Chemist: 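Here's a structure for you.
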There are 2 protein chains.
Amino acid sequence: MARPSVEAQRREQILRAACEVIRDKGINALRVSDVAARAGMSTGAVHYYFETKRALTHAAFEWNFTRSLARREVILTRRTSPSERLRAFVSSYLPGDDETTAAWHVWAETWVEALHDAELRALNERVYEEWRSMITEIIRDGQADGTIIDRDPVLLADTVVSLVDGLSMQALVGSRHMTASRMHAVCEHLIDAISVSSGRVKVS
Amino acid sequence: MARPSVEAQRREQILRAACEVIRDKGINALRVSDVAARAGMSTGAVHYYFETKRALTHAAFEWNFTRSLARREVILTRRTSPSERLRAFVSSYLPGDDETTAAWHVWAETWVEALHDAELRALNERVYEEWRSMITEIIRDGQADGTIIDRDPVLLADTVVSLVDGLSMQALVGSRHMTASRMHAVCEHLIDAISVSSGRVKVS
DNA sequence: TCCAAGATTGACTCATCCGTCAGTTATCGA
DNA sequence: TCGATAACTGACGGATGAGTCAATCTTGGA
């Protein structure tokens, strides 16, 4: 071998650029030349690392998911109460800062592509499984120490995940109604409802 | 005038075809020729009624929304209890039958297109406003007759709508986990939680 | 029967863009 | 210094597909 491989760095560089283009223009309008320009290289270089445009976008989708999961991993290992962890998790997952918003844009595109692409459906399946299990884990912890109500934890996790997804989608689309504070209020309300706060009794 | 206009029928015919193509292939892969073929006419005929492809897809999105709202209108006017109406509404809105699933596919595409298109964002804004107000209305009715808990009805409506959106999206993408019965279970659980069922007291 | 205007056709133009490839450059070890 | 190979360039071929348009057909009314 005459040169040490720069493949890992280059691929990352290209995938980051691809995600930025997807965020800004969507896959519909994504051109290989856009990605190349953003990554500061020629289209030939992009094709040197990714055979086809499809391979490129799929890799970008996967990269985006992987990074998002990794970013959340930190929260899971915190030594705070389950309820706190749940709040932190949900909060970090709602589209707030630029990084999370960008990731959300790419997720949205991934889902819609997945409607017509079995490979992406499989990718989503794997990621969502992990996603859900992270939340389920927290809920189980909360049930173990008696701070979260004793209901099917999978059902509760589904509720939390779906709620966040639905809120986020409308926020992303730019609904004036769905502001950041509104999203947080709705989520807080749900977490309160599934939390056991000492002394509080709700008739419902 | 030498002939009575067939414009209304033709436009509807084309928009229906466009929605079918969007459902089957997505807007990404939608070709004007696909729509023409499905509507049983030439590409020229499609362009006779819709100047550009963009005008066509936007009209299709709007048509899809309008029809969906119209289909739900029936439920609102039923003389059943608010809780029942809420259940019926949510149930009809989850992707179950082919018609609702098709509509969902088109909605999903609309949202993602809207991320990069102000016109579609405005369309979504209008529709969602109506959507939310339908649910809010039901909830207010329920609060008036004491069958739904006394919380901010807009917050409760946001919760219901977002939950359904999130669940549906995962179901559409084909998650094995998110089955029809699971979606219904999660929604039932939420509606139970916001309903006041006589004699039941929950500690939470 | 014939006209006027709406409706429709489909071949064609023109622009776009993916993927290729022959050629060039950079960087290592020997 | 000199291969050897990885890394990279960018012009080009070829395919695709939106939108145009001249020609044709259809229909209701005069």
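Note that the structure is predicted; figures quoted are calculated from it, not measured. So that the names make sense, note that chain A is the first sequence line, chain B the second, and so on, each numbered from 1.
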Chemist: Under a 4.0 Å threshold between the charged nitrogen and the carboxylate oxygen, would B:R126 count as salt-bridged to B:E130?
Modeler: no
Chemist: Can you tell me the distance, in whole Å, between the CD atom of B:Q9 and the P atom of C:dG6?
Modeler: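 Roughly 16 Å, once rounded to whole Å.
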Chemist: Please determine which of B:T147, B:L86, B:T159 meets the side chain to side chain contact (heavy atoms under 4.5 Å, CB included) test together with B:I194.
Modeler: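 For B:I194, the side chain to side chain contact (heavy atoms under 4.5 Å, CB included) test succeeds with only one of B:T147, B:L86, B:T159, which is B:L86.
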Chemist: Would B:D117 and B:H58 count as a side-chain hydrogen bond (donor to acceptor under 3.5 Å, both in side chains) if you check the C-alpha gap in whole Å, the side-chain angles of each, and the deciding distance to 0.1 Å?
Modeler: CA-CA 10 Å; B:D117 190 313; B:H58 282 214; 3.2 Å; yes
Chemist: For the pair made of CD1 in B:I14 and P in D:dG19, what is the distance, rounded to whole Å?
Modeler: 14 Å
Chemist: Mind listing the closest non-hydrogen atom pair of A:D165 and B:G166 along with its distance?
Modeler: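 Minimum heavy-atom contact is CB-CA, 4.0 Å.
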Chemist: Using a strict heavy-atom distance below 4.0 Å, which residues from residues 45-58 of chain B are in contact with DNA chain C?
Modeler: B:A45, B:Y48, B:Y49
Chemist: Please, which pairs that meet side-chain hydrogen bond (donor to acceptor under 3.5 Å, both in side chains) have at least one residue in residues 70-81 of chain A, sequence neighbours excluded?
Modeler: A:R72-A:S92
Chemist: If each of B:T43 and B:R10 is mapped to the nucleotide of DNA chain C with the nearest heavy atom, which maps nearer the 5' terminus, i.e. the 5' end?
Modeler: B:R10
Chemist: Is A:E125 paired with A:R121 through a side-chain N to carboxylate O contact shorter than 4.0 Å?
Modeler: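 Between A:E125 and A:R121 there is no salt bridge, as every charged N stays at least 4.0 Å from the carboxylate O atoms.
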Chemist: Taking the inter-plane angle between the rings of B:Y93 and B:W104 on a 0 to 90° scale, is it parallel (under 30°), tilted (30 to 60°) or perpendicular (over 60°)?
Modeler: parallel
Chemist: Which residues within residues 18-38 of chain B lie with some heavy atom under 4.0 Å of an atom in DNA chain D?
Modeler: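 Within residues 18-38 of chain B, the residues near DNA chain D are B:L30, B:R31, B:V32.
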Chemist: I'd like to check the salt bridge (Lys or Arg N to Asp or Glu O under 4.0 Å) partners of B:R140; sequence neighbours left out, ordered by chain and number.
Modeler: none
Chemist: Using heavy atoms and a sub-4.0 Å distance, could you list which residues of residues 109-117 of chain B are near DNA chain D? By number, please.
Modeler: none
Chemist: Take atom CD of B:Q9 as the centre, draw a 6.0 Å sphere, and report whether it contains more than 12 heavy atoms from other residues, nucleotides or ligands.
Modeler: yes
Chemist: Does anything in residues 102-116 of chain B pair up under salt bridge (charged side-chain N to carboxylate O under 4.0 Å, His left out), and if so which pairs, sequence neighbours excluded?
Modeler: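 Non-adjacent pairs meeting salt bridge (charged side-chain N to carboxylate O under 4.0 Å, His left out): zero.
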